[in-house]
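Structure first, commentary second.
Just so it is clear, the values below take in all heavy atoms, side chains as well, and ignore hydrogens, waters and symmetry mates. Both counts, for ligands and for their atoms, begin at 1 and track the order of listing.
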Amino acid sequence: MSNKWRIVTTASYAPARIVTNDDLAAIMDTSDQWIRERTGIRRRHISAGENTADLATQVADRLLKRAGWPAQSLDLIVIATMSSNACTPSTAAIVQGRLGAGRAVAFDLSAACSGFVYALSTVARFLDGKRFSRAMVIGSEVLSKLIDWHDRSTAVLFGDAAGGVLVESTSAPHLLGESLATFGDQAASLSAGGTAPSPVFPGPVAKLQPFRMNGRAVYRFATHEVPRSIEGALTTAGLSLEAVDHFILHQANIRIIQQVARRLEQPLAKFPTNIADFGNTAAASEPVLLNECVEKGLVRRGDVLALSGFGGGLTSGTMIIKY
Ligand code: ACO
């Protein structure tokens, strides 16, 4: 794996329509107070017809514009998503076609809320400074396609958004360490988009299965595994927790983030959040938050970031990056 690459720029996009907790309380047995106290979420963006590739294309256009890169200069496009437009073509292929990025190899990667870290780690293995020098990594989700609006235990949690980065080969290392893990024995704790073969021939095309989650099991997993993942990544980097300037965590639940900060004995101020405005946007959540932090001037060049995702699979992934 190459550690000699850097994040060149960041961007994000979210659909214009905002759905508040009160909007949800009007259609299901829940309340603004329950959602805020249990999750930290106040509102989320919900697509009014835009699909996953549409959100990703918006991010891609912004990224190229910010960096001043022609689409033709891209060597690689990887999109992390658990809500792809289709099983095939991949969302990345659609975006590559729209951009006219004809030289870029493009594919999707499925690792739910760890998807962005898994994708960035995959891209790092491609970047050789020769055939692969410039890459686009996007997390894009339209999770509202997979929500059962009658199931209050999941419907209040998720939102739609996309975020991404451009990365390029450099002569100095910017990836300092990483830790990826998968816990397939806990796969049933969280699922969405399941398909089923028809028992009859010729059978009907099955509908996708909406989100199903054992919230308590995932909560337990996250609060124990995320600190382990961060500490494991720091060990490979030879760095201490104190060396990390910002912990950019997957935004699943504000209580999980607070618990992780407590377990790591790190100040909450080092854990920026935007879950209140976006909800859980799976693979999009870390790049959306990272972009917000960069735009606000909170994350600056030279800062050490711990990017950490966790979720469906179950999976976890942390990268220690010098921004
Ligand atoms: N509104 C009102 N009441 C509700 C709602 C709701 N939306 N949802 C559940 N309740 C009720 C339950 O029915 C239950 O009632 P009961 O006590 O009468 O049985 C009560 O509230 C408590 O329910 P719990 O499930 O125990 O609530 P908890 O405090 O565990 O919070 C939550 C649930 C928010 C889902 C939490 O478990 C959680 O955040 N889990 C982790 C989710 C996560 O991290 N996902 C990340 C991965 S996502 C991905 O990879 C795509």
Side-chain angles (χ1 to χ4, degrees), residues 19-44 52 80-84 109-119 139-162 180-184 186-194 208-227 229 249-260 271 273 275-276 278-289 308-317:
V19 173
T20 65
N21 291 345
D22 285 334
D23 293 333
L24 292 178
I27 59 166
M28 67 184 78
D29 183 15
T30 190
S31 67
D32 175 52
Q33 189 186 357
W34 191 97
I35 302 170
R36 266 192 295 111
E37 287 179 1
R38 299 287 179 129
T39 71
I41 300 167
R42 291 173 181 270
R43 58 187 79 85
R44 71 285 291 142
T52 309
T81 184
M82 56 171 282
S83 55
S84 192
L109 190 147
S110 166
C113 307
S114 306
F116 185 73
V117 168
Y118 274 42
S140 185
E141 304 283 13
V142 178
L143 299 177
S144 56
K145 289 185 291 189
L146 299 168
I147 289 174
D148 172 359
W149 294 105
H150 300 290
D151 177 9
R152 67 177 183 175
S153 70
T154 54
V156 303
L157 302 175
F158 300 102
D160 303 333
L180 307 180
T182 304
F183 305 85
Q186 296 175 61
S189 298
L190 174 56
S191 62
L208 294 182
Q209 168 246 312
F211 269 101
R212 283 192 197 127
M213 182 169 72
N214 180 339
R216 284 187 188 180
V218 179
Y219 189 94
R220 244 190 334 268
F221 165 79
T223 51
H224 288 87
E225 174 55 21
V226 177
S229 176
L249 261 53
H250 168 51
Q251 305 285 295
N253 186 323
I254 196 79
R255 292 188 296 140
I256 292 176
I257 297 167
Q258 291 164 345
Q259 185 73 15
V260 170
F271 293 73
T273 69
I275 189 171
F278 289 91
N280 179 344
T281 60
S285 92
E286 289 145 62
V288 169
L289 178 60
S308 192
F310 55 91
L314 298 178
T315 53
S316 68

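Among the candidates Ser229, Ser114, Ser110, the single residue satisfying the side-chain contact (heavy atoms from CB on, under 4.5 Å) test with Thr315 is Ser114. Tested against Asp22, the residues Ile35, Asp32, Thr30 include a single side-chain contact (heavy atoms from CB on, under 4.5 Å) partner, Asp32. Applying side-chain hydrogen bond (donor to acceptor under 3.5 Å, both in side chains) to Asn280 and the options His250, Glu141, Arg44 leaves one that passes, His250.
Counting protein heavy atoms under 4.0 angstrom from atom 17 (O) of ligand 1 gives zero. Inside a 4.0 Å radius of atom 30 (O) of ligand 1 there is at least one protein heavy atom. For atom 5 (C) of ligand 1, the nearest protein heavy atom lies closer than 4.0 Å.
If you check each of Arg152, Met213, His250 against atom 15 (O) of ligand 1, the one with the closest non-hydrogen atom is Arg152. Between atom 51 (C) of ligand 1 and the options Ala282, Gly311, Cys113, the minimum heavy-atom separation is to Cys113. Of the candidates Arg38, Gln251, Met28, Glu141, the one placing a heavy atom closest to atom 27 (O) of ligand 1 is Arg38. In this comparison of Arg220, Arg216, Glu37, the heavy atom closest to atom 26 (O) of ligand 1 sits on Arg216.
Every atom of ligand 1 is numbered from 1 in the order shown, and the set under 4.0 Å from a heavy atom of Thr39 is 34 (C). For ligand 1, the atoms lying closer than 4.0 Å to a non-hydrogen atom of Met82 are 51 (C). Listed by number with element, the atoms of ligand 1 under 4.0 angstrom from any heavy atom of Val156 are 7 (N). Near Asn280, with a cut-off below 4.0 Å to any heavy atom, the atoms of ligand 1 are 46 (C), 48 (S).
The protein non-hydrogen atom at the shortest distance from atom 46 (C) of ligand 1 is Ala252 CB, 3.6 Å. At the top of the distance list for atom 33 (C) of ligand 1, counting protein heavy atoms only, stands Trp34 CH2, 4.1 Å. What sits closest to atom 38 (C) of ligand 1 on the protein, heavy atoms only, is Asn253 ND2, 3.6 Å. Regarding atom 47 (C) of ligand 1, its nearest protein heavy-atom neighbour is Leu190 CD2, 3.6 Å. Looking from atom 43 (C) of ligand 1 to the surrounding protein, the closest heavy atom is Val218 CG1, 3.5 Å.
At least one N or O atom of Gly215 sits closer than 3.5 Å to an N or O atom of ligand 1. Residue-to-ligand polar distances keep Leu157 apart from ligand 1: every N/O pair is separated by 3.5 Å or more. Considering backbone and side-chain atoms alike, Ser31 places every N or O at 3.5 Å or more from each N or O of ligand 1.
Using cut-offs of 30° and 60° for the angle between ring planes, the Phe221 and Phe183 rings count as perpendicular.
When non-hydrogen atoms are compared, ligand 1 lies under 4.0 Å from the backbone of Thr30 as well as from its side chain. If you look at Thr154 next to ligand 1, there are no close heavy atoms at all, none under 4.0 Å. Contacts with ligand 1 closer than 4.0 Å are made by no heavy atom of Ala222, backbone or side chain. Residue contacts with ligand 1 for Leu143 are absent, since no atom lies close enough (heavy atoms, distance under 4.0 Å).
A donor-acceptor distance shorter than 3.5 angstrom exists from the side chain of Ser83 to the backbone of Val142, with no hydrogens or angles considered. The backbone N or O of Ser140 lies less than 3.5 Å from a partner atom in the side chain of Thr81, making a donor-acceptor pair. Proximity of a side-chain donor or acceptor of Arg38 to a complementary backbone N or O of Arg255 within less than 3.5 Å is not detected. Without hydrogens or angle criteria, Ser191 side chain to Ala188 main chain gives no donor-acceptor distance under 3.5 Å. Between the Ser285 side chain and the Thr281 main chain, no donor and acceptor come within less than 3.5 Å of each other. A donor-acceptor pair is defined here as one N or O able to donate and one able to accept, closer than 3.5 Å; no such pair exists between the side chain of Gln251 and the backbone of Thr273. Under the 3.5 Å distance criterion, the side-chain polar atoms of Asp29 are left unmatched by any main-chain donor or acceptor of Arg152. Here the side chain of Lys145 pairs no donor or acceptor atom with the backbone of Gly193 at under 3.5 angstrom.
The two residues Leu109 and Ala119 come nearest to each other via the heavy atoms CD1-CA, 3.9 Å. The shortest heavy-atom contact between Gly139 and Pro287 is N-CG, 4.3 Å.
How far CD1 of Ile275 is from CD1 of Ile257: 5.5 Å, rounded to the nearest 0.5 Å.
Using a 4.0 Å cutoff on heavy atoms, Arg255 counts as a contact of ligand 1. Heavy atoms of Ile35 stay at 4.0 angstrom or farther from ligand 1.
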